[in-house]
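To keep things clear, I will list the structure first and then write my remarks on it.
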Amino acid sequence: MRLTEEELRSVIREVIRKVQGGWKVYPKKPRKGQKRRKALSKKPHKTYKAALAQLRAVERSKALREGDPKTGTGKKPKGSGRRLYTDENPKDTVKVEFRSAAAIKRTLRKKSFKSKSHKRQSQIINLIHQRARAAYKNAKDPKTKARLKRAYEYAESRKEASKRKTQRMRKKKWN
């Protein structure tokens, strides 16, 4: 997570306010006949500029340790400003439909789908299968649920066919 300088300053101001205002220590209530001692207070350790410098150093060291992932890995490092669902390679995109079995068939007939490698096609089929399953489980209307069930079953059959093809390709590779 990258902070702007203004956000960092506001965090530091808040911490300093807490330290200055919240560190007063009061003794117990005195017994009868005894006087209350003066309140003890502790002063904050660091100045504002020193705390700002230390926080910047920590942020820089985290950024250097984590770095950005390789393009196309789909991973997002903790603390990164990058969004989770970024399209790192727009040329590799296939527009996916999963509302019905016919929509899934249209998607799988597209030139943009067929031009991909088997590995990429399997990923896309898996994505369609997962989305169709989630839509089917969340549907309330009986007609919609029936349509999504047919879509889900078709996606599942295509996923199984893709698995079988993967097995055939692996056997061929090892022979």
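As a basis for the values below, the full set of heavy atoms in this structure was taken, side chains included, without hydrogen atoms, waters or symmetry mates.
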Answer yes if F98 and Y152 sit in the same cluster of Ile, Leu, Val, Met, Phe, Trp and Tyr residues linked by side chain heavy atoms under 4.5 Å apart, and no otherwise.
->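 No; Y152 is not reachable from F98 via cluster members.
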Residue list, side-chain hydrogen bond (donor to acceptor under 3.5 Å, both in side chains) with [X], at least two apart or on another chain:
| X | answer |
| --- | --- |
| Y136 | none |
| T144 | D141 |
| K105 | none |
| T166 | H118 |

Determine whether [X] and [Y] make a side-chain contact, defined as any pair of heavy atoms from C-beta on separated by less than 4.5 Å.
| X | Y | answer |
| --- | --- | --- |
| K110 | K95 | yes |
| R133 | K137 | yes |
| E153 | K149 | yes |

State, to 0.1 Å, how close [X] and [Y] come at their nearest heavy-atom pair, and which atoms those are.
| X | Y | result |
| --- | --- | --- |
| S162 | S122 | OG-OG, 2.9 Å |
| A155 | I125 | O-CG2, 4.4 Å |
| A151 | S100 | CB-C, 3.5 Å |

Among pairs that include at least one residue of residues 163-175, which meet salt bridge (charged side-chain N to carboxylate O under 4.0 Å, His left out), considering only residues two or more places apart or in two chains?
->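 Residue pairs with at least one partner in residues 163-175: E160-K163.
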About how many Å separate OG of S157 and NE2 of H129, when rounded to the nearest 0.5 Å?
-> 9.0 Å
Can you measure from OG1 (T107) to CD1 (I124) and round to the nearest 0.5 angstrom?
->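 These two atoms lie 9.5 Å from each other.
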Within a reach of under 6.0 Å around NZ of K159, are more than 12 heavy atoms found that belong to other residues, nucleotides or ligands?
->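 It does: K159 NZ has more than 12 such atoms within range.
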Would R158 and Y154 count as having a side-chain donor-acceptor pair, cut-off 3.5 Å?
-> yes
Test salt bridge (charged side-chain N to carboxylate O under 4.0 Å, His left out) applied to R99 - qualifying residues, sequence neighbours left out |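 Not a single residue meets the salt bridge (charged side-chain N to carboxylate O under 4.0 Å, His left out) criterion with R99.
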